[in-house]
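Input: a single structure, listed below in structure tokens.
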Amino acid sequence: DLMSDDQSSLPRELREKYLLTRRIGTGVCGEVRLAFQRSTCRKVAVKIINKKNFQSEGMATRNATTEIEILQRVDHPCLIKTEDFYQTDDSYYIVLELMEGGELFHRVKSQQQLQENVAKLYFYQMLSAVQYLHSNGIIHRDLKPENILLSSQEDVCLIKVTDFNQSRILEESVLMRTLCGTPSYLAPEVFTQASTTGYSLAVDAWSLGVLLFVCLGGYPPFHESFGDKSVTDQIILGEFTMVPSKWRHVSDQAKDVVRRLLVVDPSKRMSIEAALQHAWLQDQGMLETAHRLMYPPGEDAAAVSMQEAPSGGPSKRKRGDGDEED
Ligand SMILES: COc1ccc(CNC(=O)c2ccc3nccnc3c2)cc1
């Protein structure tokens, strides 16, 4: 039973504050377990990143610390929030809010394909989250259905992007500084190689195109079962397959968004900003629902009462043990 479960390898402080139970998710970096906050019996998720299972020591710490830095720094309703963080010599333990709806991957699989208006609601939230990351100089780089979590079993629900493990913070690079100086003496490859080395923000736009395709079509755009080309070749050529029986009921506007994101040339690919302005998303009903989910009135009221507070600048709402939550 759980009590005899080996909790001894966990950091003492973590064990004292949370009871860890069954595994609810696995990833390349480790696992996610369901846990209960002992003081409130509130359910949380604990993500355990095993430091050792990265091939190189340097890569491991850089990725994990980047992920943790990002998780603690970002604040957006569609990005998973870190509630607590612990580490031992061989693992990181990140306490996250529990997303009761599980992975988008399983939702799409169980429903074959999502209704268009549900896909639109989810896609708008993903765009908002990624737009926020980009405005903070962060590229996710690993957007996929396993990294999109749903807050409830309902179709109409909040979604959150997770797993910033592959994320990159756009730092001022030597290359950027070089490109600021006089180009007169720079070799051509500095410019051409420059445009291909850095991960541009456009990689996330492509991944969102794949995500939207999967939500609308119920299957991936590039797959070894399509034709004789390898998945890599299909991607490089931008050859995706819209199976008629699956796409017949999808609107032309929705298909247009997919087609403008799955463009091979990143300079011609639709940007996140442009996608947010696309006709398909100018849907007042969806936008109202999304904003109600993202900025629920209860929390606004708390913020309003805080603004009336006499003290100087607006103090950040402290992260309670959930006593503020309804
Ligand atoms: C009552 O116990 C449960 C209720 C719902 C679920 C479905 N959720 C999950 O399976 C799940 C998976 C990974 C996650 N990663 C971070 C945050 N939340 C997560 C939730 C899992 C357990």
Tell me the closest heavy-atom pair linking [X] and [Y], and the distance in Å.
{"X": "H134", "Y": "L201", "answer": "CE1-O, 3.3 Å"}
{"X": "T88", "Y": "S9", "answer": "CG2-O, 4.2 Å"}
{"X": "V108", "Y": "G218", "answer": "CG1-CA, 4.0 Å"}

- Query: Between the side chains of W247 and Q113, is a donor N or O closer than 3.5 angstrom to an acceptor N or O?
  - Reply: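 No.
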
- Query: Any side-chain donor paired with an acceptor under 3.5 Å for Q153 and E100?
  - Reply: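 No - no donor-acceptor pair under 3.5 Å links their side chains.
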
- Message: Regarding E83 and K17, does a basic nitrogen lie under 4.0 Å from an acidic carboxylate oxygen?
- Response: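 A salt bridge is absent here (no side-chain N lies under 4.0 Å from a carboxylate O).
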
- Query: Do K47 and D163 meet the salt-bridge criterion of a basic N to acidic O distance under 4.0 Å?
  - Reply: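 Between K47 and D163 there is a salt bridge, with a charged N closer than 4.0 Å to a carboxylate O.
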
Test your reading of the model: is there a side-chain donor-acceptor pair from [X] to the backbone of [Y], 3.5 Å cut-off?
{"X": "R38", "Y": "R15", "value": "yes"}
{"X": "Y219", "Y": "V243", "value": "yes"}
{"X": "Q125", "Y": "C157", "value": "yes"}
{"X": "K144", "Y": "F105", "value": "no"}
{"X": "S152", "Y": "E154", "value": "yes"}

- For E16, all residues meeting salt bridge (Lys or Arg N to Asp or Glu O under 4.0 Å), sequence neighbours excluded: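 By the salt bridge (Lys or Arg N to Asp or Glu O under 4.0 Å) rule, E16 matches R12.
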
- Listed partners of R269 passing salt bridge (Lys or Arg N to Asp or Glu O under 4.0 Å), at least two apart: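 With neighbours one apart ignored, the set is empty.
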
- Do L216 and V258 have side chains that get closer than 4.5 Å, going by heavy atoms?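 Side chain of L216 against side chain of V258, heavy atoms only: contact under 4.5 Å found.
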
- Query: So do I139 and L133 actually touch side chain to side chain, heavy atoms under 4.5 Å?
  - Reply: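 Counting from C-beta outward, L133 and I139 never come under 4.5 Å.
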
Could I get the full list of ring-ring contact (aromatic ring centres under 6.0 Å, His included) partners for [X], not counting sequence neighbours?
{"X": "Y93", "result": "none"}
{"X": "Y124", "result": "H291"}
{"X": "F36", "result": "none"}
{"X": "W206", "result": "F222"}

Could you see if [X] belongs to whatever hydrophobic cluster contains [Y]? Use Ile, Leu, Val, Met, Phe, Trp, Tyr and a side-chain cutoff under 4.5 Å.
{"X": "M294", "Y": "L276", "result": "yes"}
{"X": "V118", "Y": "M286", "result": "yes"}
{"X": "V74", "Y": "Y295", "result": "yes"}
{"X": "V263", "Y": "L211", "result": "no"}

- Query: Do the ring planes of H76 and Y132 sit parallel (below 30°), tilted (30 to 60°) or perpendicular (above 60°)?
  - Reply: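 Tilted: the ring planes of H76 and Y132 meet at 30° to 60°.
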
- Task: Please state whether the rings of F213 and F240 are parallel, tilted or perpendicular, taking 30° and 60° as the class boundaries.
- Result: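 Taking F240 first and then F213, their aromatic rings stand perpendicular (interplane angle over 60°).
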
